[in-house]
Amino acid sequence: MGALRLPSLTSLFTSSSSAAALPRRHLHLPFRRLYTANCSAQSSTAEKEISSTSELEGPPKLKPQQDKDRVITPRSQDFNAWYLDIIANAELADYGPVRGTMVIRPYGYAIWEAIQDYLNAKFKETGHSNMYFPQFIPYSFIEKEASHVEGFSPELALVTIGGGKELEEKLVVRPTSETIVNHMFTQWIHSYRDLPLMINQWANVTRWEMRTKPFVRTLEFLWQEGHTAHATPEEAEMEALQMIDVYTKFAYEQAAIPVIAGRKSKVETFAGASKTYTIEAMMGDRKALQAGTSHNLGQNFSRAFGTQFTDENGQREHVWQTSWAISTRFIGGIIMTHGDDTGLMLPPKLAPVQVIIIPIWKKADERTGVLNATTSVKEILEAAGIKVKIDDSEQRTPGWKFNFWEMKGVPLRIEIGPRDVSSGSVVVSRRDIPGKQGKVFGISTESSSLVPYVKDKLDEIQSSLLGVATSFRDSNIMDVCSYAELKEAIAQGKWARGPWSASDNDELKVKEETGATIRCFPFEQPQGSKKCLMTGNPADEVAIFAKSY
């Protein structure tokens with residue numbers, strides 16, 4: 001393997017930012033009802049809430065604490081330490097030997113597999129085929145699209161030596177694939193009959209980040225990236241909106257994360273795109289996570305690479321293109337949206353284990369009966385398509401197991417003891433409702449009773465997680481009508497939503513003075529006339545401002 005000539009990494013695993021979006025027709029938030037600012041009145045002063053996310057200058061310890069000493073830092077005390085504690089103790093990931101990289105452990109990768117399973121099916125349903133492109137890209141490809149190379153140059157990892165010799169042309173380790181995709185599209189597309197060309201790849205990418213955070217932003221991460229070519233700009237726009245819609249439905253229906261979908265500002269648009277659409281999620285510390293992006297690339301790359309086709313009139317035209325992606329950063333989003341001081345809390349539809357069964361006995365002669373009943377319950381649930389696991393290890397106490405699987409975020413726990421065996425029933429506990437309130441006794445082990453009960457509870461948990469996250473989001477968005485109100489909202493750690501028609505320079509001023517950026521112009525917009533919060537000029541849209549990862 002050739003040597004990598006790379007800049008040094010100065011700080012590891014803190015916070016950062018990313019990209020995605022959606023059309024005007026979907027399921028999500030009632031934006032008109034939520035936009036409630038009275039721009040003629042002063043905004044009320046709320047108590048300041050301080051975000052505790054820390055900036056770590058060196059690699060913190062990502063090591064699970066031992067057994068009874070296992071402790072998770074309270075979210076309210078230090079959100080970043082809480083996040084790292086969950087990743088370590090829930091065995092989601094660990095640090096790789098190269099600074100800024102991570103090893104995704106089986107439990108964490110199983111969540112990614114659940115994400116892949118859902119999205120892969122949706123991509124194929126919408127006419128896309130999977131394929132694979134090389135991870136080494138000639139540097140000259142990156143240079144062909146001016147804004148693309150400008151946007152990515154600080155993050156590029158370059159290979160300059162191969163086989164012990166200096167390479168004639170340095171290679172880029174894939175940061176994204178628009179350039180190499182266009183190189184191949186140019187060879188495959190000749191006429192309008194070759195269009196649309198719609199492909200996707202599941203791959204790893206490398207971006208040499210200086211400030212990283214596990215799952216949220218790492219030197220290398222996993223993602224899918226879709227790339228399409230079309231004969232008309234209308235088709236490309238429909239594709240970009242369709243894919244952000246797929247991401248939005250995934251976020252709501254699978255991850256139980258109430259994202260806000262919209263269009264990025266010009267300043268925040270992907271390097272080389274004409275438009276970028278995004279889904280923005282509010283994390284537990286009220287920072288925004290850009291959870292997925294869809295880009296209408298227009299003809300920017302096709303002109304740079306000469307990707308043309310002959311239309312029905314015999315004229316040569318450049319194709320219109322899109323690209324769209326979602327990554328393992330979504331796992332970080334699930335942790336930070338749903339987790340609590342006990343640990344991870346997984347939405348049932350993405351949980352690697354939906355039900356954990358804990359057999360309990362004290363006397364040796366109780367063991368066989370309890371384990372037989374446990375196996376029977378497991379087989380009944382598995383036959384119904386429920387992901388279930390038995391923890392029958394004898395080295396740990398039942399109480400230890402309860403805490404361990406709660407920390408790993410398993411939605412439901414079933415307890416089976418000698419009395420339950422005698423009565424033909426089980427005890428069921430919900431992860432999202434702690435203590436006695438979430439525990440129900442005497443649930444029959446008959447398949448006709450147990451299976452619908454467990455399925456109903458999993459559905460209830462899924463809905464409850466979305467409801468709690470939606471309430472949290474809505475209560476932390478402030479409608480603002482002036483720059484002073486915007487600054488007040490951001491100072492309180494909230495999101496600010498208000499009319500915007502100001503310049504790119506004004507947008508950069510907001511970022512410099514508050515640390516917040518325009519997350520998106522939501523697709524769902526309030527009715528009525530509006531005045532820009534910065535300039536007082538007429539504004540057609542409201543924008544959402546927030547600090548982000």
For [Y], does its backbone N or O pair with a side-chain atom of [X] as donor and acceptor, under 3.5 Å?
X      : Y      : result
Tyr107 : Lys408 : yes
Arg75  : Gly339 : yes
Gln525 : Val542 : yes
Tyr247 : Ala325 : yes
Thr276 : Phe270 : yes
His190 : Gln187 : yes
Arg174 : Phe133 : yes
Arg431 : Val410 : no
Glu235 : His230 : no
Thr322 : Ala240 : no

Atom of [X], atom of [Y] and distance for their closest heavy-atom approach:
X      : Y      : result
Ala157 : Thr206 : CB-CG2, 3.9 Å
Thr218 : Pro214 : CG2-CA, 4.0 Å
Ala288 : Arg519 : CB-NE, 3.7 Å
Ile334 : Pro347 : CG2-CD, 3.8 Å
Pro411 : Val353 : CD-O, 3.4 Å
Ala469 : Thr337 : CB-CG2, 3.8 Å

How about Lys389: does its NZ atom have over 12 heavy atoms from other parts shown lying under 6.0 Å from it? no
Verdict with reasoning, Leu450 to Leu381, per side-chain contact (heavy atoms from CB on, under 4.5 Å): CA-CA 8 Å; Leu450 182 62; Leu381 295 178; 4.1 Å; yes
[X] side chain to [Y] side chain, donor-acceptor N/O pair below 3.5 angstrom:
X      : Y      : result
Ser177 : Gln201 : yes
Gln116 : Glu113 : no
Ser323 : His227 : no
Arg99  : Thr101 : no

Side chain to side chain donor-acceptor pair (under 3.5 Å) between Thr310 and Ser191, worked out: CA-CA 4 Å; Thr310 302; Ser191 116; over 6 Å; no
Is it true that [X] and [Y] make a salt bridge, defined as a side-chain N closer than 4.0 Å to a carboxylate O?
X      : Y      : result
Lys287 : Asp285 : no
Glu280 : Lys264 : yes
Asp245 : Lys122 : no

Side-chain heavy atoms of [X] within contact of [Y], under 4.5 Å:
X      : Y      : result
Leu241 : Ser294 : no
Arg430 : Ser464 : yes
Met282 : Trp495 : yes
Trp202 : Leu119 : yes
Phe136 : Val173 : yes
Met336 : Phe79  : yes
Phe301 : Lys144 : no
Glu91  : Phe404 : yes

Supply the atom-to-atom distance [X] [atom1] to [Y] [atom2], rounded to the nearest 0.5 angstrom.
X      : Y      : atom1 : atom2 : result
Ile115 : Gln224 : CD1   : CD    : 10.5 Å
Leu197 : Ile189 : CG    : CD1   : 5.0 Å
Thr179 : Ile137 : OG1   : CD1   : 4.5 Å
Arg329 : Lys213 : CZ    : NZ    : 10.5 Å
Leu412 : Glu460 : CG    : CD    : 9.5 Å
Glu169 : Phe141 : CD    : CZ    : 7.5 Å

For the side-chain hydrogen bond (donor to acceptor under 3.5 Å, both in side chains) test, which of Asn130, Thr228, Asn120, Thr126 pairs with Asn200? Asn130
Between Ser471 and Arg473, does a side chain to side chain donor-acceptor pair (under 3.5 Å) hold up when you go through it step by step? CA-CA 5 Å; Ser471 296; Arg473 179 202 65 188; over 6 Å; no
Output, in order, the C-alpha distance, side-chain angles, deciding distance and verdict of side-chain contact (heavy atoms from CB on, under 4.5 Å) for Asp432 and Val468. CA-CA 10 Å; Asp432 64 324; Val468 169; over 6 Å; no
Mutual orientation of the aromatic rings belonging to Phe221 and Trp223 [parallel < 30°, tilted 30-60°, perpendicular > 60°]: perpendicular
Verdict with reasoning, Glu507 to Lys266, per salt bridge (charged side-chain N to carboxylate O under 4.0 Å, His left out): CA-CA 10 Å; Glu507 183 178 341; Lys266 182 181 176 183; over 6 Å; no
Using side-chain contact (heavy atoms from CB on, under 4.5 Å), reason through Val388 and Val454 one step at a time and then give a plain yes or no. CA-CA 11 Å; Val388 59; Val454 168; over 6 Å; no
Flag the pair Phe305 / Phe185 as yes when their ring centroid distance falls below 6.0 Å, and as no otherwise. no
Once side-chain hydrogen bond (donor to acceptor under 3.5 Å, both in side chains) is applied, do any residues pair with Thr328, and if so which ones, sequence neighbours excluded? none
Any chance you could lay out the side-chain contact (heavy atoms from CB on, under 4.5 Å) test for Val259 and Tyr252, step after step, and finish with the verdict? CA-CA 7 Å; Val259 295; Tyr252 272 85; 3.9 Å; yes
Taking Phe330 as the fixed residue, which of Trp112, Phe215, Phe250 is the one that meets the ring pair (Phe, Tyr, Trp, His ring centres under 6.0 Å) rule? Phe250
